[in-house]
Structure formats: structure tokens, C-alpha cells
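For reference, the structure is listed below as C-alpha cells.
In this chain, numbering begins with 1 at the start of the sequence shown. Because the structure is a prediction, the values reported are computed rather than measured.
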Amino acid sequence: MPTDAVGRFLTALDPDHREAVSAKPREEQERLAAAWERELEADTELDTLDELSPAAAEAEAARRVMDRDTDGSV
């Protein structure tokens, strides 16, 4: 299991997004990973999900970040 934020973020992504983010420059990957970490910290609904399934909470936060990135709001 990766310990750096980018590695953990990539692990949380679905395969298609993981491939797309992996192809981005490292700075962009770090920006998205930072947004993912903020999402995990800020959303109380994810706290509840995290207690049940940490991987599911991380995947949901990753999906939200990628949805916002597609919209250009990350």
C-alpha cells in the first residue's frame, strides 16, 4: 500500500481515472491528491463511511475530486 498522498490517491481511483491521472505531470497529480485529502478531511459523511470501509470512503472522495476536476472546479 502506497504511503505518499499521490500513491494513495491513485489507489483510490477507478482504473480509467487512475490511468488518466498517472499520465498527468507530477505537479498535477499532487494538486489532485491534495484536493482528495481535503475532501476526506472536510466531509463528515465520509467520516461515517470511513468507519465502515476506509477504502470506500477514499474511493468516494477520489470520485468527487475527479468529478470536480472534469468540471474545472478543483
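- Rounding to the nearest 0.5 Å gives a distance of 12.0 Å between CD of E37 and CG of L32.
- With sequence neighbours excluded, the residues satisfying salt bridge (charged side-chain N to carboxylate O under 4.0 Å, His left out) with D43 are R64.
- Judged as a salt bridge (charged side-chain N to carboxylate O under 4.0 Å, His left out), and not counting sequence neighbours, E19 has no contacts.
- When every heavy atom of S22 is checked against every heavy atom of L10, the shortest pair comes out as OG-CD2, 3.8 Å.
- Taking every heavy atom of both residues into account, A61 and L40 meet most closely at CB-CD2, 3.6 Å.
- The two residues M66 and V21 make their nearest non-hydrogen contact at CE-CG2, 3.6 Å.
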### Message
Under the criterion salt bridge (charged side-chain N to carboxylate O under 4.0 Å, His left out), I'd like the reasoning laid out for E28 against R31: C-alpha separation, chi angles, the key distance, then a yes or no.
### Response
CA-CA 5 Å; E28 179 70 6; R31 183 185 67 78; 2.5 Å; yes
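- With respect to the salt-bridge test (charged N to carboxylate O, under 4.0 angstrom), the residues R63 and D16 do not qualify.
- Between the Q29 side chain and the K24 main chain, a donor and an acceptor come within less than 3.5 Å of each other.
- The CZ atom of F9 sits 10.5 Å away from atom CZ of R18, with the distance rounded to the nearest 0.5 Å.
- Between R68 and E39 the shortest side-chain heavy-atom distance falls below 4.5 Å.
- W36 places a side-chain N or O within 3.5 Å of a backbone atom of E58 that can act as its donor or acceptor partner.
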